[in-house]
Asker: 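Here it is: the structure, laid out below.
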Amino acid sequence: MRNYEIMFIVRPTLSEDEVKKVVDSFKKVITDNGSKVTEVKEIGQRELAYEIKKFKSGYYFVFEVEANDDKAIKEFDRLGLISSDMIRHLITKIEK
């Protein structure tokens, strides 16, 4: 069992319901590919250290994920790069 931490930033121009839909859709990507989201942390809207894709702030979220293989992580990464709703994401493997 591998453990990952996925931090991502969602566009600040979305409404509260749209942000929730984005988070739920990415959570579904992980669970549909055979992994489990053990914890979801909503950090809230924060100012960015520098402008990313013309945005100066964004909604921060952290997923803690348990995975047997990296299929779900690779799919999250692929869709995160394509998504116009996600400004930036970072996937970290946690060694226990």
Side-chain angles (χ1 to χ4, degrees):
M1 187 74 57
R2 297 180 188 139
N3 294 306
Y4 296 91
E5 183 177 87
I6 303 172
M7 190 281 300
F8 60 97
I9 307 170
V10 178
R11 285 190 306 137
T13 56
L14 298 176
S15 70
E16 195 173 312
D17 290 336
E18 291 170 323
V19 170
K20 186 169 174 29
K21 286 178 188 173
V22 170
V23 172
D24 289 342
S25 70
F26 278 99
K27 189 174 179 182
K28 187 173 179 351
V29 166
I30 292 171
T31 55
D32 286 352
N33 284 287
S35 295
K36 185 171 116 180
V37 177
T38 56
E39 189 173 349
V40 177
K41 296 177 191 171
E42 182 179 345
I43 299 171
Q45 188 170 7
R46 300 280 173 111
E47 291 294 316
L48 302 173
Y50 53 90
E51 199 171 283
I52 303 173
K53 297 183 182 175
K54 299 187 180 181
F55 295 109
K56 295 185 182 200
S57 67
Y59 294 102
Y60 282 69
F61 292 90
V62 177
F63 286 171
E64 289 185 14
V65 179
E66 286 183 356
N68 291 324
D69 55 18
D70 60 354
K71 180 181 172 190
I73 302 304
K74 284 183 177 178
E75 184 65 9
F76 183 98
D77 189 35
R78 185 183 76 79
L79 293 174
L81 291 170
I82 295 170
S83 176
S84 62
D85 294 329
M86 191 180 293
I87 298 172
R88 181 75 43 98
H89 68 281
L90 175 69
I91 301 170
T92 309
K93 185 175 179 183
I94 301 172
E95 299 292 336
K96 292 207 176 184

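Residue numbers count from 1 along this sequence. Basis for what follows: all heavy atoms, side chains included, without hydrogens, waters or symmetry-related copies.
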Asker: Output all residues satisfying salt bridge (Lys or Arg N to Asp or Glu O under 4.0 Å) with Arg46, sequence neighbours left out; order by chain, then residue number.
Answerer: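 Salt bridge (Lys or Arg N to Asp or Glu O under 4.0 Å) list for Arg46, sorted by chain: empty.
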Asker: Examine Ile9 and Val40 and state if one hydrophobic cluster contains both, with Ile, Leu, Val, Met, Phe, Trp and Tyr joined whenever side-chain heavy atoms are less than 4.5 Å apart.
Answerer: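 Different clusters: Ile9 never reaches Val40 through Ile, Leu, Val, Met, Phe, Trp or Tyr contacts under 4.5 Å.
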Asker: In a check of side chain to side chain contact (heavy atoms under 4.5 Å, CB included) between Val65 and each of Ile94, Asn3, Ile30, which one passes?
Answerer: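 Running side chain to side chain contact (heavy atoms under 4.5 Å, CB included) over Ile94, Asn3, Ile30 with Val65 returns exactly one hit, Ile30.
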Asker: Who pairs with Lys71 by side chain to side chain contact (heavy atoms under 4.5 Å, CB included), at least two apart in sequence or on another chain?
Answerer: Asn33, Asp69
Asker: Atom NZ in Lys36, atom NZ in Lys27: separation rounded to 0.5 Å?
Answerer: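 Atom-to-atom, Lys36:NZ and Lys27:NZ are 11.5 Å apart.
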Asker: Of all heavy-atom pairs between Phe76 and Val29, which one has the smallest distance, and what is that distance?
Answerer: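 Closest approach of Phe76 to Val29, heavy atoms only: N-CG1, 4.0 Å.
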Asker: Which residues pass the side chain to side chain contact (heavy atoms under 4.5 Å, CB included) test with Ser57, not counting sequence neighbours?
Answerer: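 Pro12, Gln45, Glu47.
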Asker: Flag yes if Val10 and Ile43 sit in one hydrophobic cluster, no otherwise; membership is Ile, Leu, Val, Met, Phe, Trp, Tyr, and two members link when side-chain heavy atoms are under 4.5 Å apart.
Answerer: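 Val10 does not cluster with Ile43.
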Asker: Using salt bridge (Lys or Arg N to Asp or Glu O under 4.0 Å) as the criterion, list what pairs up with Glu42, not counting sequence neighbours.
Answerer: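 Glu42: no salt bridge (Lys or Arg N to Asp or Glu O under 4.0 Å) contacts found.
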Asker: Which pairs, with at least one residue in residues 41-62 and sequence neighbours excluded, count as a ring pair (Phe, Tyr, Trp, His ring centres under 6.0 Å)?
Answerer: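 Pairs touching residues 41-62 that pass the test: Phe8-Phe61.
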Asker: What residues, two or more places apart in sequence or in another chain, satisfy salt bridge (Lys or Arg N to Asp or Glu O under 4.0 Å) together with Asp70?
Answerer: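 Asp70 satisfies salt bridge (Lys or Arg N to Asp or Glu O under 4.0 Å) with Lys74 once adjacent residues are dropped.
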Asker: Sequence neighbours left out, what pairs pass salt bridge (charged side-chain N to carboxylate O under 4.0 Å, His left out) with at least one residue falling in residues 4-18?
Answerer: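 Output for this query lists Arg11-Asp85.
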Asker: Under the side chain to side chain contact (heavy atoms under 4.5 Å, CB included) rule, collect the residues that match up with Asn68, sequence neighbours excluded.
Answerer: Met1
Asker: What pairs with Lys93 under salt bridge (Lys or Arg N to Asp or Glu O under 4.0 Å), at least two apart in sequence or on another chain?
Answerer: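 Lys93: no salt bridge (Lys or Arg N to Asp or Glu O under 4.0 Å) contacts found.
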Asker: If two hydrophobic side chains count as joined below 4.5 Å and joins carry through other members, does Leu48 share a cluster with Val22?
Answerer: no
Asker: Are Val23 and Val62 connected into the same hydrophobic cluster when the rule is that any two of I, L, V, M, F, W, Y join if their side-chain heavy atoms are below 4.5 Å apart?
Answerer: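 They do not share one cluster, since no chain of ILVMFWY contacts under 4.5 Å joins Val62 to Val23.
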Asker: Who passes side chain to side chain contact (heavy atoms under 4.5 Å, CB included) against Leu81, sequence neighbours left out?
Answerer: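 Applying side chain to side chain contact (heavy atoms under 4.5 Å, CB included) to Leu81 gives Asp77, His89.
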Asker: Can you list the residues that meet the side-chain hydrogen bond (donor to acceptor under 3.5 Å, both in side chains) rule with Lys53, with sequence neighbours excluded?
Answerer: none
Asker: Taking only residues two or more places apart in sequence or in another chain, which ones pass side-chain hydrogen bond (donor to acceptor under 3.5 Å, both in side chains) with Arg78?
Answerer: Glu75
Asker: Is the backbone of Gly80 close enough, under 3.5 Å, to the side chain of Ser83 for a donor and an acceptor to pair up by distance?
Answerer: no
Asker: Given side chains that start at C-beta, do those of Tyr4 and Ser35 come closer than 4.5 Å, heavy atoms only?
Answerer: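 Of all side-chain heavy-atom pairs linking Ser35 with Tyr4, none is under 4.5 Å.
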Asker: Count I, L, V, M, F, W, Y as connected when their side-chain heavy atoms are under 4.5 Å apart, and connections chain through other members. Are Phe26 and Leu90 then in the same cluster?
Answerer: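 Unlinked, Phe26 and Leu90 end up in two clusters.
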